[in-house]
Amino acid sequence: MQYFLIHGYGKALDIQEPTIPANGGFYIFDTEISTKQAYPYIWAEAVQRNFLTPYNLIAQIQLYYRERYKTEDTKEHQRLYQELESQKPKTIIAHSSGARLLVNYLVDYKLPPSVQTIIFVQADISREELNLANLPNQAKFINFWCWWDPALITSTLLNRYIPIGLCPPEPKYSQFYPLYKLPNPHQNIWKDNKFKQIIEETII
């Protein structure tokens with residue numbers, strides 16, 4: 001297994017999907033998912049919704065905090081452990097709140113020896129959370145960031161810290177990538193084949 005994909009916040013309220021997508025929103029990896037070279041780890045919270053729900057700010061914020069709590073849930077960490085051990089990936093890609101799930105997981109668990117690279121994309125975690133993360137020495141770490149990410153700007157207001165996906169802590173393992181695909185640049189990076197090419201070049 002090459003890629004283990006951990007999606008971020010709000011899959012149940014994605015304006016471009018009627019429900020939680022089976023690919024976790026990682027559209028550029030659809031071919032790899034279909035050939036079992038990539039595995040989307042789905043941890044999204046379900047929401048009863050109608051046409052207007054994705055545009056409801058209160059519903060969005062409520063879901064954000066529900067999923068933030070879930071990133072700290074030991075049952076979720078146990079399920080993640082079982083899936084990682086089963087899939088034995090070479091590369092873990094964590095997007096947005098998925099990075100928080102992974103760093104919280106690493107407090108009590110280790111990654112399979114197969115893991116060679118960990119990639120954070122627009123990570124919704126603080127510098128302090130990253131510093132406390134028990135990232136394994138075995139793995140190369142890359143943090144992709146963009147300072148105009150609207151979702152992470154909102155996170156800054158909600159959490160009163162600047163996420164590392166908005167402002168990187170260490171240039172040595174951080175790489176800027178401009179978000180440009182509308183209407184949701186935070187999520188639509190996973191429809192950007194140029195970004196996929198950069199990921200492939202990174203893990204060589």
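In this text, all values refer to a predicted model and were calculated from it rather than measured experimentally.
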State, to 0.1 Å, how close [X] and [Y] come at their nearest heavy-atom pair, and which atoms those are.
| X | Y | result |
| --- | --- | --- |
| N23 | P40 | O-CB, 3.6 Å |
| A123 | N143 | CB-OD1, 4.3 Å |
| Y161 | D124 | OH-O, 3.7 Å |

Could you please spell out the steps behind the salt bridge (Lys or Arg N to Asp or Glu O under 4.0 Å) verdict for E76 and R79?
-> CA-CA 5 Å; E76 191 63 38; R79 188 171 77 90; 2.8 Å; yes
Hey, does T91 have a side-chain heavy atom less than 4.5 Å from the side chain of F4?
->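 No - every pair of side-chain heavy atoms lies 4.5 Å or more apart.
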Evaluate whether atom NZ of K90 has more than 12 neighbouring non-hydrogen atoms of other residues, nucleotides or ligands under 6.0 angstrom away.
->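 Counting other residues, nucleotides and ligands, NZ of K90 stays at 12 neighbours or fewer.
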Around Y180, counting heavy atoms of other residues, nucleotides and ligands shown, do more than 12 lie under 6.0 Å from its OH?
->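 Check passes, neighbour count above 12.
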Ring centres under 6.0 Å, that's the criterion: do [X] and [Y] meet it?
| X | Y | value |
| --- | --- | --- |
| Y9 | Y64 | yes |
| W145 | F176 | yes |
| F195 | Y177 | yes |
| W190 | F26 | yes |

Cluster overlap F144 with L130, hydrophobic side-chain contacts below 4.5 Å |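 Looking at the clustering, L130 is in a separate group from F144.
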Give the ring-plane orientation class for F29 versus Y3, where under 30° counts as parallel, over 60° as perpendicular and anything between as tilted.
->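 Correct class here is tilted.
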Once the angle between the rings of Y105 and H77 is folded into 0 to 90°, is it parallel (under 30°), tilted (30 to 60°) or perpendicular (over 60°)?
->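 Y105 vs H77 ring planes: perpendicular.
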Taking I92 as the fixed residue, which of I119, V115, L5 is the one that meets the side chain to side chain contact (heavy atoms under 4.5 Å, CB included) rule?
->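 For I92, the side chain to side chain contact (heavy atoms under 4.5 Å, CB included) test succeeds with only one of I119, V115, L5, which is V115.
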For R127, check salt bridge (charged side-chain N to carboxylate O under 4.0 Å, His left out) against everything at least two apart and list the hits.
->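 R127 satisfies salt bridge (charged side-chain N to carboxylate O under 4.0 Å, His left out) with no residue once adjacent residues are dropped.
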Can you name the salt bridge (charged side-chain N to carboxylate O under 4.0 Å, His left out) partners of E85, sequence neighbours left out?
->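 Result, salt bridge (charged side-chain N to carboxylate O under 4.0 Å, His left out) vs E85: none returned.
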If we ignore angles and hydrogens, is there a donor and acceptor under 3.5 Å between the side chains of S126 and E129?
->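 The answer is yes; a qualifying pair exists.
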